[in-house]
There are 2 protein chains.
Amino acid sequence: MGTKQFTGSPGEADLRRADSLAREIFSDVANKWAFLIIEALGERTLRFSELRNEVEGISHKMLTQNLRMLERYGLVERQVHPTVPPRVEYTLTEPGQALRATVDGMCGWTHQYLGHIEAARRRFDG
Amino acid sequence: MGTKQFTGSPGEADLRRADSLAREIFSDVANKWAFLIIEALGERTLRFSELRNEVEGISHKMLTQNLRMLERYGLVERQVHPTVPPRVEYTLTEPGQALRATVDGMCGWTHQYLGHIEAARRRFDG
DNA sequence: CGGGATCCTGTATGATACTG
DNA sequence: CAGTATCATACAGGATCCCG
């Protein structure tokens, strides 16, 4: 009950906090731009402008915004080269790479079920 | 070139169409509500109101909206029981189940890297 | 070149009310 | 109970300008 636990296992409050944190991360990361950026990076290191070209249709603002978010969560590493003009490169960290496996899975899924989905959509729309 | 291909392999135009379709699906499905709904359904069949309770914080409107989208893509099946009051149940289809594997992967990832992420975030914010 | 700040618009989302 | 429609609003996202 109210007694503090000294064991290694987390108490209820910890679990709740962990859950809300997990939920927060999930909500932030599970969006198309973040996924497309992660997918574009893959195992490469890319500059801001290169990323902008790779991720079809992303705006300057969305790219910076999502890169900040991913950097904040430690999914991408940002390396600034103090040259002129400046050169900023982004690379997936290990957690980022791990997430990429998931995103790759979703890409595979999309292509695998493309037929199913297109058919279902036609059926639904008609 | 301009010559029509009679082989089974898709032509350039088909590939472009497939890509844009894949991108469309990706953009629609890769959002937190869709993911949370898929995760909540799992292997169960749930009513609208049950789903509303399972997916913490989702509004009536967002739930219907996302369920329609998932139904349109054939990821969930909607069964209407013509009773009074009406009873509507939702179940993941096979493509939906396949996608759930991916979403599960992301949930696992979230919990696995919770520590990393929290630490990175504190470092970034401070 | 990378990115921050600002302004402005459309869309996403929530709250509410109504129908079968 | 499930779903649709309406309204109000916050926020996402684009365009633009300026800075290091």
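Given the structure is predicted, the values throughout are model-derived calculations rather than measurements. Scope of the values below: all heavy atoms of this structure, side chains included, with no hydrogens, waters or symmetry mates.
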Heavy-atom nearest nucleotide on DNA chain C taken for A:K61 and for A:V80; more 5' hit belongs to A:V80
Between NE2 of A:H81 and C1' of C:dG3 the distance, given in whole Å, is 17 Å
Atom CE of A:M62 and atom C1' of C:dT9 are separated, to the nearest Å, by 14 Å
Query raised in the report: In terms of ring plane angle, is the pair B:W109 and B:Y113 parallel, tilted or perpendicular, where the classes change at 30° and 60°?
Result: tilted
To the nearest angstrom, the CD-C1' distance between B:E50 and D:dA2 comes to 13 Å
Among D:dG3, C:dG4, D:dG13, the one nearest any side-chain atom of A:W33 is D:dG13
Between NZ of B:K32 and C1' of D:dA12 the distance, given in whole Å, is 13 Å
- Query: Is the backbone N or O of A:L21 less than 3.5 Å from a side-chain atom of A:E24, with the two atoms forming a donor-acceptor pair by type?
  - Reply: no
From CG of B:L51 across to C1' of D:dG3 the rounded distance in Å is 14 Å
Residues of residues 83-90 of chain B with a heavy atom under 4.0 Å from any atom of DNA chain D, listed by number, are B:P85, B:P86, B:V88, B:Y90
### Message
When you measure only distances, ignoring hydrogens and angles, does the side chain of B:H60 come within 3.5 Å of the base of D:dG3 through a donor and an acceptor?
### Response
yes
| request: Examine B:F48 together with B:H60 and report whether their ring centres are nearer than 6.0 Å. | output: yes
When rounded to whole Å, the CG to P distance for the pair B:L36 and C:dT13 reads 12 Å
Side-chain N or O of B:R47 closer than 4.0 Å to phosphate OP1/OP2 of D:dC1
no
| message | For a quick check under 3.5 Å, do B:R68 and B:Q65 share a side-chain donor-acceptor pair by atom type? | response | no
Notebook entry, point to check: Do the side-chain N or O atoms of A:S49 get closer than 4.0 angstrom to the phosphate oxygens (OP1, OP2) of C:dG2?
Noted result: yes
Shortest non-hydrogen pair, A:M69 vs A:N31, comes out as CE-ND2, 4.1 Å
Whole-Å distance, B:N31 CG to D:dA12 P, equals 14 Å
Is it the case that more than 12 heavy atoms not belonging to B:E56 sit under 6.0 Å from its CD atom?
-> no
Q) According to a strict under-4.0 Å criterion, is A:R52 in side-chain N/O contact with OP1 or OP2 of C:dG2? A) no
As a quick check of understanding, evaluate salt bridge (Lys or Arg N to Asp or Glu O under 4.0 Å) for A:R121 and A:E118, giving each step before the final call. CA-CA 5 Å; A:R121 200 174 62 167; A:E118 199 178 2; 5.5 Å; no
Atom CG of B:L63 and atom P of C:dA15 are separated, to the nearest Å, by 14 Å
Taking only the side-chain nitrogens and oxygens of B:R78, find out if one of them lies under 4.0 Å from OP1 or OP2 of D:dA2. no
